[in-house]
Amino acid sequence: MGTCYLAWATDEKIRRRAANGGFVTAALVAALENGLLDAVVVVKKEDVYEGIPTVTSAPEVVVESAGSLHAVPVNLTKFVVEFYKDEKNKGKKIGLPVKPCDARGIIEQAKRQQLDINDIYLVGLNCGGTLHPLNLREAAAEVYGIDPDAVVKEEIKAGKLFLTLQSGEERECKIEELEKKGYGRRDSCKMCITKIPTMADLACGNWGVLKGEEATFVEVLTGKGEALLKNALENGYIKVKEASEKSLEVRERIKNAMVKLAEEWWEKLDAVKELTRDERLKFYVETLRLCINCGACRTVCPVCACDDAAKCVSMHDERDDYVISMYNVIRLLHLMDSCIGCGQCEDVCPVDIPLTFIHRRFAERMQRKLNYMPGMNVSEKPPFYEAELQWHDIL
Amino acid sequence: MIKTICPGCGLGCGLYLEGDEERGLKVWHRKRAPVNVGKLCAFGMSLPQYYDRERLNNTVDGKPVTLDEAVSEAVRRLKGVKPEELAFVSVGAATCEELASFINLCKGLGCKNLELGLNAAFKTLPESSHELLEIGVPLADVERASKLVLFFVEPFLQYPLLARRILKAKKNGAKVFEVAFVGSERGIADETVLLDATAFINAAAEELKKLRARKDVFEDALVISEANPYTDAVLLREMFAVCAECGATPLLMKPFLTTSAALLQSSLAPETKQGLSLLEVFEDERVKALFLLETDPAGALLLNERKIRKRLSELELLVEQGAFRTVASELAGVTLASEAFFEKRGVIVNVEGRVLENGGTSAAGVEILERMVEGVTGGRRSFEEVRSEVFGTLGLGETSPKEDDVQVKRKETKVLAEPEGLQGGATAVGTARGAEAAESGDYLLLYRTTPAFWSGVFAKSFVEISVDAARSLKLFRDDDVEISNAESVTLDFKISERLPERLIVSETKLAGVSERLLSPVRLRRKE
Ligand SMILES: Cc1cc2nc3c(=O)[nH]c(=O)nc-3n(C[C@H](O)[C@H](O)[C@H](O)COP(=O)(O)OP(=O)(O)OC[C@H]3O[C@@H](n4cnc5c(N)ncnc54)[C@H](O)[C@@H]3O)c2cc1C
Ligand code: SF4
């Protein structure tokens with residue numbers, strides 16, 4: 001475990017906008033202004049239901065983007081990959097706030113040589129999960145009984161989702177209650193067990209911030225993380241104090257409870273566990289045959305680094321009449337060691353194939369067997385990674 | 001990142017596009033878009049490809065000119081044409097504001113031939129049904145329906161973002177029927193009412209009697225079909241007739257942004273709904289001058305390119321306004337360059353009646369048209385003025401567009417009057433009949449989608465043939481087949497168990513082989 005602090009921005013404007021102590025924003029601004037970073041990726045808020053990933057070198061844009069958008073289920077990996085595809089960005093140092101699934105995607109891309117992890121500062125955010133924006137709108141109307149457009153702020157505290165109206169009035173509902181009614185977090189998030197981004201450079205959150213404290217709990221995990229914190233501290237952007245035993249204990253307790261809950265959800269959402277082998281096959285055939293070959297799941301997949309010559313595409317022939325297409329079979333195989341369960345594929349599937357569940361069902365058992373968890377450590381090769389040709393060995 | 005709308009079909013899915021011409025565009029999913037919750041079909045995913053085409057320039061007689069020169073030359077030439085010899089056509093990616101200006105210009109010139117994609121259908125149905133053609137129902141109603149009939153429409157292929165709503169309806173307990181010449185692939189329907197394509201070509205009315213015998217299918221159902229310039233008039237009439245008889249509610253899907261167009265045409269220029277249809281414009285010798293707005297004739301017509309070129313080159317005047325070069329550009333007397341759809345500022349109305357704001361910033365298309373209006377009538381409106389006309393027409397009043405609400409609604413949901421003239425003589429746009437059919441072949445070629453749409457972004461290099469056809473032609477996997485009519489093409493094939501023996505289906509336009517949705521062809525093994 002890294003050193004843990006409670007940290008907060010010295011700039012009041014940042015603190016006001018921020019999710020917690022504004023440490024994340026202050027650290028990123030400090031890094032931009034003092035030359036530690038060339039650019040930052042933030043999720044720019046349009047409203048409670050919409051945020052747009054944005055690459056910026058402008059500190060004011062970073063400040064404007066302070067705050068957590070729980071109903072913006074983006075994964076930032078492919079934005080970072082696209083950024084480095086542009087020749088003029090090669091070698092640039094960037095920093096970004098990352099949920100565990102963002103961080104894990106970026107680490108998997110680094111393993112596949114799509115980016116250099118040394119260039120990227122991962123400011124991890126603990127994550128209890130994201131909500132689908134339209135699902136939140138519906139919940140606002142149906143459960144909270146309010147006009148979704150009147151919501152100006154959403155916040156998650158102590159297992160409750162608070163919605164603040166234009167009038168300043170605040171309404172609350174337990175997330176558990178929401179989820180019983182079919183609202184709440186996306187299924188992938190309900191099942192996700194990586195709650196604290198220990199694979200990032202820093203892990204920030206509100207777990208461990210005690211009542212009455214206005215701060216971000218920060219765990220420093222790597223040298224890059226330390227550099228970010230030190231730069232912000234020495235240049236007066238933040239203040240810190242070491243986290244108390246109590247803080248550490250609370251954080252650990254909540255995390256463990258969340259992991260347990262996720263495991264319970266996995267049991268509940270496992271659509272095939274009660275089925276016989278034949279029934280299971282029928283389930284996979286019936287869901288995967290809906291595929292319309294749009295390719296969206298592959299495009300958004302944060303661990304896929306294949307180009308247009310990808311096997312799943314090139315070995316797939318629309319003239320074939322397989323009940324499950326080669327595209328889907330190959331993706332299943334490819335993702336068994338690499339799927340991080342982020343749910344992006346299912347989010348974008350035009351025919352609502354339960355892709356997260358299907359991929360998790362195969363990957364979960366395979367990864368357990370291989371004792372391998374993707375996206376946790378950049379130096380751990382994916383077990384099914386193809387042999388790399390070492391040209392200097394050959395020549 | 002630009003918040004934009006896919007112009008591929010009437011659903012109007014929301015997405016973000018990012019990038020520039022040098023780096024190319026990239027699609028990002030906009031999960032907050034209520035129509036599609038961020039999901040896109042293969043066409044939506046291919047929008048960068050769709051937009052990656054050569055841009056149109058301002059020209060007069062093929063020579064580069066300034067926009068001012070192009071505008072004044074277009075005005076001068078258009079004014080020199082007799083209104084009855086002129087046609088205005090737009091079946092592409094134009095905003096409501098552009099269409100309103102386009103209609104304004106058309107009227108200013110006294111022209112009554114305005115085709116925005118639905119004239120054939122308007123002429124087929126009685127006036128009282130036009131509203132049902134123009135505007136659909138909220139897609140949430142599809143999810144809630146207890147009975148759905150897919151009437152010659154294949155949602156997975158044509159409207160995947162509708163297919164997911166149908167799947168939801170099924171989960172909610174709905175019964176799904178399909179009426180088709182061939183059952184759909186993914187078993188979406190609980191029951192398929194098959195019509196025989198050969199019998200339909202020979203005696204449509206007789207074959208359609210089968211439907212009347214199945215009132216149980218239609219009673220109180222939501223009947224989903226499609227209206228496009230090739231929609232078979234006989235089928236469309238029959239669908240409305242059965243809906244009227246059985247108290248069913250029709251939902252007509254449409255390609256492109258046709259809903260916007262139909263609503264504006266009905267309000268601003270109702271007299272033009274009886275004007276020439278898309279095909280008639282291209283076949284009627286009386287049309288001597290044509291103004292195309294954001295329309296690629298090769299992408300919108302099943303005619304082959306050579307025929308289209310020949311027809312266009314015979315015109316006395318061709319004016320083209322659009323973002324991209326098309327088959328018409330080199331033949332046009334005047335071309336006017338506007339911005340691509342994703343760059344446009346303006347609204348569109350989707351099939352449900354949602355007024356959706358496109359996030360571009362350019363008003364160039366509207367400005368060009370309004371400058372022409374000024375040249376013709378002396379008056380010119382600002383973008384804001386055009387916009388307020390559009391909002392007024394859509395009944396928004398002072399309210400602004402809200403993507404979360406269905407703001408344009410049908411007054412009636414059911415068909416009030418049964419269309420007349422089902423028994424004979426109907427213009428069979430979609431189907432080869434009579435002399436055309438008599439030319440005959442041993443097989444029938446059916447276009448499963450309207451392959452002219454989506455601008456050939458997905459040209460498939462194969463057709464589907466039946467198991468029996470493959471057997472009788474002794475085909476092996478590596479063989480090719482030759483399909484011929486006036487001309488012939490050679491392609492790969494896929495064997496499909498669902499197909500009746502003599503039916504071939506294609507998703508791609510086979511130029512020169514078939515210019516209708518259904519027509520006889522010959523099928524051979526390519527030696
Ligand atoms: C979806 C989500 C769920 C979270 N769940 C928990 C939790 O259960 N427990 C916990 O302890 N902490 C959780 N956090 C972290 C917490 O909300 C704060 O982000 C963290 O404590 C840092 O606070 P801060 O004031 O320093 O951050 P700020 O200074 O407010 O900066 C937050 C940064 O996060 C970025 N951001 C906003 N929304 C997203 C998003 N959807 N995806 C990626 N980046 C985004 C913003 O652009 C901004 O740069 C969650 C955060 C998110 C985004
Ligand atoms: S369903 Fe229609 S609007 Fe949606 S992405 Fe496909 S073509 Fe575009």
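Every chain is numbered from 1, with letters handed out A, B, ... down the list of sequences. As a basis for the values below, the full set of heavy atoms in this structure was taken, side chains included, without hydrogen atoms, waters or symmetry mates.
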**Q** Tell me whether A:D352 is salt-bridged to B:K39, with the criterion being a basic N under 4.0 Å from an acidic carboxylate O.
**A** yes
**Q** Quick one: what part of B:I188 sits under 4.5 Å from any heavy atom of chain A, side chain, backbone, both or neither?
**A** neither
**Q** Heavy-atom pairs under 4.5 Å with chain B are the metric here; pick the option from A:V72, A:N293, A:D320, A:V74 that has the most.
**A**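 Option with the top pair count is A:D320.
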**Q** First locate atom CZ of A:F79, then atom NZ of B:K26, and finally report the distance between them rounded to the nearest 0.5 Å.
**A** 8.5 Å
**Q** With a 4.5 angstrom heavy-atom cut-off, is it the side chain or the backbone of B:F156 that approaches chain A, or both, or neither?
**A**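 Both the backbone and the side chain of B:F156 come within 4.5 Å of chain A.
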**Q** Tabulate, in ascending numerical order, the residues of residues 165-172 of chain B having at least one heavy atom closer than 4.5 Å to a heavy atom of chain A, or enter 'none'.
**A** B:L167, B:K168
**Q** Go through the atoms of A:I52 and report whether side chain, backbone, both or neither lie under 4.5 Å from a heavy atom of chain B.
**A** side chain
**Q** Out of B:E497, B:K3, B:M1, B:E18, return the one with the most heavy atom pairs under 4.5 angstrom to chain A.
**A** B:K3
**Q** As an exercise: rank A:D321, A:T299, A:D317, A:I292 by heavy-atom pairs under 4.5 Å with chain B and give me the winner.
**A**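 Looking at each option in turn, the highest pair count goes to A:I292.
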**Q** Run the salt-bridge test on B:K31 and A:E50 with the 4.0 Å N-O cut-off and return the result as yes or no.
**A** no
**Q** Do B:H29 and A:V300 make a side-chain contact, defined as non-hydrogen atoms from C-beta onward lying under 4.5 Å apart?
**A** yes
**Q** For A:R137 and B:P34, indicate whether the former's side chain and the latter's backbone hold a donor-acceptor pair under 3.5 Å.
**A** no
**Q** Using non-hydrogen atoms only, which part of A:K85 is less than 4.5 Å away from chain B: side chain, backbone, both, or neither?
**A**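 No part of it gets close to chain B.
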**Q** Show me, pair by pair, the donor-acceptor contacts under 3.5 angstrom made by side chains of residues 281-290 of chain A, not counting sequence neighbours?
**A**
{"residue": "A:T287", "atom": "OG1", "partner": "A:F283", "partner atom": "O", "Å": "2.8"}
{"residue": "A:T287", "atom": "OG1", "partner": "A:Y284", "partner atom": "O", "Å": "3.3"}

**Q** In terms of heavy-atom proximity below 4.5 Å to chain A, should B:R186 be classed as side chain, backbone, both, or neither?
**A** both
**Q** With a sphere of 6.0 Å drawn around CZ of B:R23, does it hold more than 12 non-hydrogen atoms of other residues, nucleotides or ligands?
**A**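 Atom CZ in B:R23 is crowded, with more than 12 foreign heavy atoms closer than 6.0 Å.
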**Q** Counting only non-hydrogen atoms closer than 4.5 Å, does B:Y16 touch chain A with its backbone (N, CA, C, O), its side chain (CB onward), both, or neither?
**A**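 Contact with chain A is through the side chain of B:Y16 alone.
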**Q** Can you name the closest pair of heavy atoms from A:C294 and B:A42 and give their distance?
**A**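 A:C294 and B:A42 have their closest heavy atoms at CB-N, 3.6 Å.
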**Q** Under 4.0 Å between a side-chain nitrogen and a carboxylate oxygen: does that hold for A:R319 and B:E464?
**A** no
**Q** To the nearest 0.5 angstrom, please state how far the SG atom of A:C349 sits from the CZ atom of B:R164.
**A** 9.0 Å
**Q** A quick test of your reading: do over 12 heavy atoms of other residues, nucleotides or ligands sit less than 6.0 Å from CG of A:D307?
**A** yes
**Q** Let me confirm one number: the CD-CZ distance from A:E46 to B:R32, rounded to the nearest 0.5 Å.
**A**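 Separation between the atoms: 10.0 Å.
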**Q** Considering only heavy atoms from C-beta outward, does the side chain of A:E318 approach that of B:K494 to under 4.5 Å?
**A** no
**Q** Against chain B, label A:C297 side chain, backbone, both or neither, depending on which of its atoms sit under 4.5 Å from a heavy atom there.
**A**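 For A:C297, neither part sits under 4.5 Å from chain B.
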**Q** Might you point out which heavy atoms bring B:P160 and A:V351 nearest each other, and give the distance in Å?
**A** O-CG1, 4.3 Å
**Q** Among the options A:P133, A:A71, A:P53, A:P148, pick out the one with the most heavy-atom pairs lying under 4.5 Å from chain B.
**A** A:P133
**Q** Which bit of A:E138 comes within less than 4.5 Å of chain B, counting heavy atoms only: side chain, backbone, both or neither?
**A** neither
